[in-house]
There are 2 protein chains.
Amino acid sequence: MQLDMAFAALADPTRRALLARLALGEATVMELAQPFAVTQPAISRHLKVLEGAGLIERRVEGTKRPCRLSPAGLAPLEAWMEQLRRSMTANYDRLDGVLAEMTQAKKDDMP
Amino acid sequence: MQLDMAFAALADPTRRALLARLALGEATVMELAQPFAVTQPAISRHLKVLEGAGLIERRVEGTKRPCRLSPAGLAPLEAWMEQLRRSMTANYDRLDGVLAEMTQAKKDDMP
DNA sequence: TCCTTATATTACATATATTTTATATAAATC
DNA sequence: GATTTATATAAAATATATGTAATATAAGGA
């Protein structure tokens with residue numbers, strides 16, 4: 001699934017750093033690889049993973065392949081997390097309601 | 001790192017389903033395992049991963065180990081994604097500014 | 001055309017993840 | 001105390017991920 005690949009892509013610190021770099025603007029593979037202690041093929045693989053996850057896009061520009069963030073790529077992740085938090089919060093609100101009722105009952109019981 | 005473990009935890013569909021179930025309220029290991037086609041030890045391991053990632057917490061209640069979501073667990077992930085989106089947006093805004101300037105210059109050039 | 005630059009791909013080694021079966025532990029119940 | 005119930009752990013198989021070194025490809029420039 002797409003969520004699988006996207007979350008898995010974010011689980012690697014090198015890939016998160018690549019995304020953080022790309023958030024500042026487009027960059028070529030070499031530019032992206034330069035700050036890291038890994039080889040160029042390793043970066044190429046990471047970029048492939050990020051592309052497969054829909055998190056980046058690439059152009060062809062002569063012999064270069066500039067990468068940029070795919071702004072829509074984060075949306076499914078954010079949506080999933082937001083929904084989780086929403087149902088969690090709804091449940092807690094319900095619990096709060098129950099607790100409030102119990103407290104009220106106690107008050108009624110012995111004022 | 002914590003982000004590594006949390007994102008990796010979310011990369012598995014079974015674990016995401018466990019979290020979705022827990023968003024509705026506390027549940028024991030058996031209750032959590034019941035809907036799935038995997039064995040109980042597999043679920044125990046998944047829960048261990050989720051706990052290691054700070055996404056769930058567990059109580060001891062006799063022979064049962066009820067699990068519940070750890071509300072704070074999602075925060076680092078949300079923060080990371082929000083920051084990425086923020087710097088991405090900031091950059092796009094800047095680009096928009098540059099484009100606006102270029103457009104303006106063009107206008108000035110040939111009105 | 002030859003050389004260089006930018007990137008991808010392959011082959012391979014190593015490490016990590018996922019699952020199952022079998023077994024251990026410890027509380028609950030009879 | 002023996003048995004059942006709920007869960008954890010260990011061992012082993014398989015799969016997947018990550019990295020490197022070597023090589024391929026293809027565009028650009030001398």
Side-chain angles (χ1 to χ4, degrees), chain A residues 1-22 25-70 73 77, chain B residues 1-22 25-70 73 77:
Chain A
M1 196 192 313
Q2 199 65 13
L3 279 178
D4 289 25
M5 294 199 291
F7 278 124
L10 294 183
D12 183 280
T14 300
R15 285 194 292 260
R16 285 199 306 277
L18 289 171
L19 292 177
R21 165 63 187 82
L22 288 175
E26 219 176 54
T28 67
V29 175
M30 279 318 208
E31 287 166 352
L32 290 168
Q34 189 265 321
F36 294 99
V38 295
T39 58
Q40 167 263 316
I43 297 294
S44 278
R45 254 181 198 280
H46 282 306
L47 293 172
K48 202 174 190 176
V49 171
L50 290 170
E51 190 180 29
L55 294 170
I56 69 171
E57 294 165 10
R58 312 159 98 165
R59 302 202 328 272
V60 174
E61 188 181 299
T63 168
K64 298 179 183 174
R65 309 287 158 92
C67 306
R68 59 184 160 143
L69 282 194
S70 173
L77 305 183
Chain B
M1 195 192 310
Q2 198 66 13
L3 279 178
D4 290 25
M5 293 199 290
F7 277 124
L10 293 184
D12 183 280
T14 300
R15 284 194 293 260
R16 285 198 307 275
L18 289 171
L19 292 177
R21 165 62 187 83
L22 288 174
E26 218 176 56
T28 67
V29 176
M30 280 315 206
E31 287 165 352
L32 289 169
Q34 188 264 320
F36 294 98
V38 294
T39 58
Q40 167 263 316
I43 297 294
S44 278
R45 256 184 195 281
H46 281 307
L47 292 172
K48 202 174 190 178
V49 171
L50 290 170
E51 189 179 29
L55 294 171
I56 69 170
E57 294 166 8
R58 311 159 99 165
R59 304 202 327 272
V60 174
E61 189 181 299
T63 168
K64 297 178 182 174
R65 307 290 156 89
C67 306
R68 59 185 161 144
L69 283 193
S70 172
L77 306 183

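Note on naming: letters A, B, ... go to the chains in the order of the sequence lines (proteins, then strands), and numbering restarts at 1 for each one.
Spacing between atom NZ of A/Lys64 and atom C1' of C/dA8 amounts to 17 Å, rounded to whole angstrom units. What separates CD1 of B/Ile56 from P of D/dT7 is a distance of 12 Å, to the nearest Å. Protein atom CZ of B/Arg15 is 8 Å distant from nucleotide atom C1' of C/dA17, rounded to whole Å. Atom NZ of B/Lys48 and atom C1' of D/dA8 are 8 Å apart (whole Å).
Within the 4.5 Å cutoff, the side chain of A/Leu47 has heavy atoms near those of the A/Arg58 side chain. Counting heavy atoms from C-beta on, the side chains of A/Leu10 and B/Leu77 never come closer than 4.5 Å. Inter-residue side-chain proximity for A/Leu55 and A/Met5 is flagged as unmet; no heavy-atom pair is nearer than 4.5 Å. No side-chain heavy atom of A/Gln34 sits under 4.5 Å from any side-chain heavy atom of A/Arg21. Using a 4.5 Å heavy-atom threshold, the side chains of B/Ile56 and B/Arg68 count as separate.
Looking at B/Gln40, its side chain has no donor and acceptor atom pair within 3.5 Å of the base of D/dA6.
Both B/Arg45 and B/Pro41 sit near DNA chain C, but only B/Arg45 has its closest nucleotide nearer the 5' end.
With D/dG19, C/dT20, D/dT18 as the choices, the nucleotide that has an atom nearest any side-chain atom of B/Ala42 turns out to be C/dT20. Here the side chain of B/Asp12 is nearest to one of C/dT18, D/dT18, C/dT7, namely C/dT18. Which of C/dT7, C/dA8, D/dT9 sits closest to the side chain of A/Met30 comes down to C/dT7. Nearest nucleotide to the side chain of B/Thr39, out of C/dT7, C/dT21, D/dA8: C/dT21. You'll find that the side chain of A/Ser44 is closest to C/dT7, out of D/dG19, C/dT7, D/dT18. Of the listed nucleotides (C/dT9, C/dT20, C/dT18), C/dT20 has the atom at the smallest distance from the side chain of B/Val38. Comparing C/dA27, D/dA26, C/dT18 by their closest approach to the side chain of A/Thr63 singles out D/dA26.
Annotation for B/Ala6 and B/Ala53: closest pair CA-CB, 3.7 Å, computed over non-hydrogen atoms. Shown here for A/Glu57 and A/Ser70, the closest heavy-atom pair between the two residues is OE2-OG, 3.1 Å.
For the strand DNA chain D, secondary-structure stems (runs of at least three Watson-Crick or G-U pairs, all distances below 3.5 Å) span C:1-30 with D:1-30.
The shortest distance between the side-chain N/O atoms of A/Arg58 and the OP1/OP2 oxygens of C/dA8 is below 4.0 Å.
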